[in-house]
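Below: one structure, written as structure tokens.
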Amino acid sequence: MTEPAPLTVLVADDHPLWRDALVRDLEESGFDVVGTAADGPATVRRTRATSPDVLVLDLNLPEMRGDEVCRAIGDLPTRVLILSASGEEQDVLAAVKAGASGYLVKSASPAEIRDAVTATGAGDAVFTPGLAGLVLGEFREMSSQARSAPSEEAKGAPPEVPELTERETEILRYVAMGMTAKEIAADLVISHRTVQNHVQNILGKLHLHNRVELTRFAISRGLDQPG
């Protein structure tokens with residue numbers, strides 16, 4: 001059986017010692033690091049030139065912040081994992097709203113970073129413990145505000161998603177509750193890979209780019225409530 005191609009990764013950070021150490025660790029672990037960048041504009045250019053599977057992005061880059069970089073490459077299929085020294089609520093939410101797929105603080109261990117890159121490439125949303133709940137809470141608050149003053153279009157929006165199968169809708173409910181692919185797999189007694197395949201199918205059907213967008217969509221449709 002043919003081995004899957006390694007994930008391609010671009011690393012953007014303005015601290016050369018940290019950046020070089022991260023690149024070395026990723027390469028030794030089998031990732032294909034296609035380049036590095038030390039400021040925001042260079043990150044945008046190199047991401048567009050290489051279209052990596054995952055961009056590991058520092059939030060506080062010179063000339064452009066990480067959330068600005070996310071918006072600038074939002075039309076690409078690249079998934080963004082923020083790796084920042086900051087765990088401040090405003091920084092996390094700004095990055096996620098701009099399109100980041102996950103957010104780790106730099107105190108994470110090398111193994112945690114490698115696992116997060118792998119999970120991000122597979123379409124999972126990865127957060128430092130405690131931050132996932134913050135993001136879910138923000139999405140629920142946004143959804144609650146929208147429901148309190150709905151548009152005419154939103155008033156008639158059905159809670160279910162007719163494009164999806166029954167199993168896909170079931171998995172979407174788990175996603176809306178903030179569960180990881182492994183947790184969903186354990187609860188449904190199916191493989192982790194099967195859950196990931198379902199999530200990819202759901203993303204394709206709904207024309208969404210990553211699991212964070214999928215979570216926001218599911219919560220906005222009330223799918224974080226019991227079926």
Side-chain angles (χ1 to χ4, degrees), residues 3-40 42-44 46-47 50-62 64-67 69-70 73 76-89 91-96 98-136 178-183 185 192-193 195-196 199 209-213 215:
E3 288 290 321
L7 282 177
T8 55
V9 182
L10 180 72
V11 177
D13 197 293
D14 63 328
H15 293 87
L17 292 178
W18 168 270
R19 184 181 64 240
D20 293 348
L22 177 58
V23 168
R24 185 166 54 251
D25 183 67
L26 291 174
E27 288 180 333
E28 289 175 353
S29 300
F31 296 96
D32 180 9
V33 179
V34 296
T36 64
D39 60 54
T43 301
V44 174
R46 291 178 186 178
T47 303
T50 60
S51 193
D53 297 315
V54 179
L55 168 61
V56 180
L57 177 65
D58 184 26
L59 195 62
N60 294 310
L61 289 175
M64 291 176 72
R65 282 177 51 83
D67 52 315
V69 171
C70 286
I73 62 169
L76 299 178
T78 297
R79 296 184 171 108
V80 179
L81 173 65
I82 298 292
L83 190 56
S84 174
S86 170
E88 294 295 321
E89 175 178 341
D91 289 334
V92 178
L93 295 179
V96 170
S101 296
Y103 195 111
L104 283 189
V105 295
K106 286 184 174 179
S107 57
S109 70
E112 288 172 329
I113 295 172
R114 292 193 299 268
D115 289 346
V117 172
T118 299
T120 300
D124 285 346
V126 183
F127 293 94
T128 291
L131 297 185
L134 168 68
V135 174
L136 286 172
M179 295 178 66
T180 67
K182 288 183 179 179
E183 290 169 340
H192 177 235
R193 176 66 65 183
V195 173
Q196 289 181 328
V199 169
H209 297 95
N210 57 53
R211 208 170 184 271
V212 170
E213 289 184 4
T215 302

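- Rounded to the nearest 0.5 Å, atoms OG1 (Thr50) and CG (Leu55) are 8.5 Å apart.
- Nearest heavy-atom pair across Ala37 and Arg46 is CA-NH1, 3.7 Å.
- In this structure, CD in Glu183 is found 10.0 Å from NE2 in His192, a value given to the nearest 0.5 Å.
- Side-chain contact between Phe127 and Val212: present, with at least one pair of heavy atoms (C-beta onward) separated by less than 4.5 Å.
- Leu104 and Ala116 make their closest contact through CD1-CB, 3.5 Å (heavy atoms, listed as atom of the first residue, atom of the second, distance).
- Residues satisfying the side-chain contact (heavy atoms from CB on, under 4.5 Å) criterion with Ala98, sequence neighbours excluded, are Asp67, Cys70, Arg71.
- For Arg211 (side chain) and Ser101 (main-chain N/O), no donor-acceptor pair under 3.5 Å exists by modelled atom type.
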Let me have the donor-acceptor pairs involving side chains of residues 76-86, under 3.5 Å, with sequence neighbours excluded, atom names and distances please.
from	atom 1	to	atom 2	distance (Å)
Thr78	OG1	Pro52	O	2.6
Arg79	NH1	Gly121	O	2.9
Arg79	NH2	Gln200	OE1	3.3
Ser84	OG	Ser86	N	3.0
Ser86	OG	Glu88	N	3.1
Ser86	OG	Asp91	OD2	2.5

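- The minimum heavy-atom distance linking Ala181 with Gln196 is given by the pair CB-CG, 4.3 Å.
- Here the side chain of Asp39 pairs a donor or acceptor atom with the backbone of Ala42 at under 3.5 angstrom.
- Heavy-atom minimum distance, Ala38 versus Pro62: O-CD, 3.4 Å.
- Between Phe31 and Thr118, the closest side-chain pair of non-hydrogen atoms falls below 4.5 Å.
- In plain terms, the two heavy atoms of Val33 and Glu27 that are nearest each other are CG2-CG, 3.6 Å.
- Here the straight-line distance linking atom OG of Ser109 with atom CG of Asp115 works out to 7.5 Å at 0.5 Å rounding.
- Once rounded to the nearest 0.5 Å, the distance linking OG1 of Thr128 with CD of Glu112 reads 7.5 Å.
- Of all heavy-atom pairs spanning Leu59 and Ala95, the tightest one is CD1-CB, 4.2 Å.
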Could you tabulate the donor-acceptor pairs under 3.5 Å formed by side-chain atoms of residues 7-15, not counting sequence neighbours?
from	atom 1	to	atom 2	distance (Å)
Thr8	OG1	Asp53	N	2.8
Thr8	OG1	Asp53	OD2	3.1
Asp13	OD1	His15	N	2.8
Asp13	OD1	His15	ND1	3.3
Asp13	OD2	Lys106	NZ	2.7

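- A distance of 5.0 Å separates OG1 of Thr43 from CG of Leu61, quoted to the nearest 0.5 Å.
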